[in-house]
Amino acid sequence: MMTRNRLTTNCIRSKVTLKKSGLQPLEHWGISKFKKGKTLKLVEITFHGTVFQGVGIRNIKKGLEVICPEISTEPFTVGRRGVTVIPFVRGFANDGCCLFLDLMDYLLFVQEDKGILGCYDAVIMNGIRNIYKLLTSLKAYKKCLCIMPYDMMGQVIALTLEDKWNTSVKILGAEYEKIASKRGSIINNENIYE
């Protein structure tokens with residue numbers, strides 16, 4: 001079932017829209033808020049003959065970005081890899097976005113957000129391997145808040161966006177550090193793997 005370190009779509013047993021009754025996996029990981037609508041999916045994954053529950057979201061290539069700590073401590077892709085765009089209002093062209101490294105960062109940020117996300121679209125990179133796909137996805141945005149570390153990678157992404165698309169970019173490294181700390185405590189929490 002593994003293909004180049006990623007799961008194929010054959011291992012997905014079922015996909016259902018995430019509803020209030022499906023929040024238990026999220027709450028178990030300390031996530032109680034999520035964007036309303038049909039964006040997040042509760043998924044059951046058959047992996048090595050065992051069924052696991054996780055949370056997933058579609059990317060622009062129709063792949064599924066999944067969080068399932070019983071399988072991996074990091075989000076992973078099922079099917080084709082790609083960037084995920086969550087519009088603030090579906091069908092409305094927005095001029096600003098918040099950029100996240102992966103799905104877990106986005107979900108943890110939503111928990112702590114004090115209005116930074118505002119009316120911006122959320123763009124989830126889903127790993128550095130999608131950098132070229134990311135650049136084309138961000139072409140239309142004039143402003144970009146990067147929720148990522150203020151390190152070499154964050155600076156290269158910011159400079160590339162500024163140079164290539166003339167986008168106003170701000171790296172919110174302090175915000176990223178808050179969610180990275182929370183993420184570390186979630187991963188180290190042994191109750192997740194029960």
Side-chain angles (χ1 to χ4, degrees), residues 1-87 90 98-113 117 122-131 133-134 137 147-149 176-194:
M1 289 205 190
M2 293 293 281
T3 307
R4 289 192 214 137
N5 293 330
R6 62 187 168 147
L7 297 164
T8 63
T9 51
N10 296 342
C11 67
I12 296 291
R13 185 168 164 221
S14 66
K15 295 178 281 234
V16 295
T17 302
L18 184 64
K19 299 178 182 170
K20 280 284 188 197
S21 62
L23 279 176
Q24 290 82 8
L26 290 174
E27 289 171 352
H28 189 67
W29 305 323
I31 297 170
S32 58
K33 293 189 236 174
F34 62 96
K35 187 167 175 71
K36 290 184 168 69
K38 297 182 179 180
T39 308
L40 288 174
K41 306 282 185 194
L42 181 65
V43 295
E44 288 184 347
I45 301 169
T46 303
F47 185 65
H48 293 297
T50 306
V51 178
F52 299 100
Q53 279 196 339
V55 177
I57 190 168
R58 285 265 175 230
N59 63 39
I60 60 172
K61 297 288 187 179
K62 305 294 185 212
L64 193 63
E65 304 301 329
V66 178
I67 297 173
C68 185
E70 290 83 5
I71 295 175
S72 173
T73 57
E74 297 293 322
F76 57 90
T77 303
V78 176
R80 296 184 68 187
R81 295 176 176 160
V83 173
T84 301
V85 179
I86 304 171
R90 222 177 266 290
C98 284
L99 176 62
F100 300 91
L101 291 178
D102 61 32
L103 178 57
M104 188 71 149
D105 288 350
Y106 167 73
L107 290 173
L108 290 172
F109 183 79
V110 169
Q111 305 310 297
E112 305 295 325
D113 186 22
L117 196 54
V123 178
I124 305 170
M125 195 159 106
N126 298 319
I128 194 68
R129 65 185 180 260
N130 290 321
I131 186 69
K133 296 170 190 162
L134 172 74
S137 296
I147 315 299
M148 58 182 54
Y176 178 80
E177 292 305 320
K178 289 178 194 172
I179 61 174
S181 173
K182 186 170 184 176
R183 182 179 184 150
S185 65
I186 288 172
I187 289 172
N188 292 329
N189 182 357
E190 292 181 46
N191 292 332
I192 290 175
Y193 301 101
E194 287 181 350

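No experiment lies behind these values; they were computed from the predicted model shown. Only heavy atoms go into these numbers, but all of them, side chains included; no hydrogens, no water, no symmetry mates.
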Working to the nearest 0.5 angstrom, can you tell me the gap between Met148 CE and Ile128 CD1?
7.5 Å
Can you tell me how far CD1 of Ile71 sits from CD1 of Ile45, rounded to the nearest 0.5 angstrom?
4.5 Å
Gap between atom CG of Asn59 and atom CG of Leu64 - 0.5 Å precision:
8.0 Å
Report the C-alpha separation of Thr84 and Tyr106 in whole Å, then their side-chain angles, then the decisive distance to 0.1 Å, and conclude whether the side-chain contact (heavy atoms from CB on, under 4.5 Å) test is met.
CA-CA 11 Å; Thr84 301; Tyr106 167 73; over 6 Å; no
Where Gln111 and Lys182 come nearest, the two heavy atoms and their spacing
CB-NZ, 4.2 Å
So, the side chain of Thr77 versus the backbone of Gly79: is there a donor-acceptor pair under 3.5 Å, distance only?
no
Is the side chain of Asn126 donor-acceptor paired with the backbone N or O of Gly82 at a distance under 3.5 Å, no angle test?
yes
CD1-CZ distance between Ile147 and Phe100, expressed to the nearest 0.5 angstrom
5.0 Å
As an exercise, state the distance from CD1 of Ile67 to CE of Met104, rounded to the nearest 0.5 Å.
5.0 Å
Rounded to the nearest 0.5 Å, how far apart are CG of Asn130 and CD of Glu65?
7.0 Å
When every non-hydrogen atom of Phe52 is compared with those of Cys68, the smallest separation belongs to CB-SG, 3.6 Å
Where Val43 and Gly56 come nearest, the two heavy atoms and their spacing
CG2-N, 4.4 Å
Contact summary for Leu134 and Val123, nearest pair of heavy atoms
CD1-CG1, 3.8 Å
Test side chain to side chain contact (heavy atoms under 4.5 Å, CB included), reference Asp105, set Leu103, Asp102, Leu107, output is Asp102
Determine whether Ile57 and Ile86 satisfy the following criterion, side-chain contact (heavy atoms from CB on, under 4.5 Å), listing intermediate values before the conclusion.
CA-CA 10 Å; Ile57 190 168; Ile86 304 171; 3.4 Å; yes
Compare all side-chain heavy atoms of Ser72 with those of Val66 and state whether any distance is below 4.5 angstrom.
no
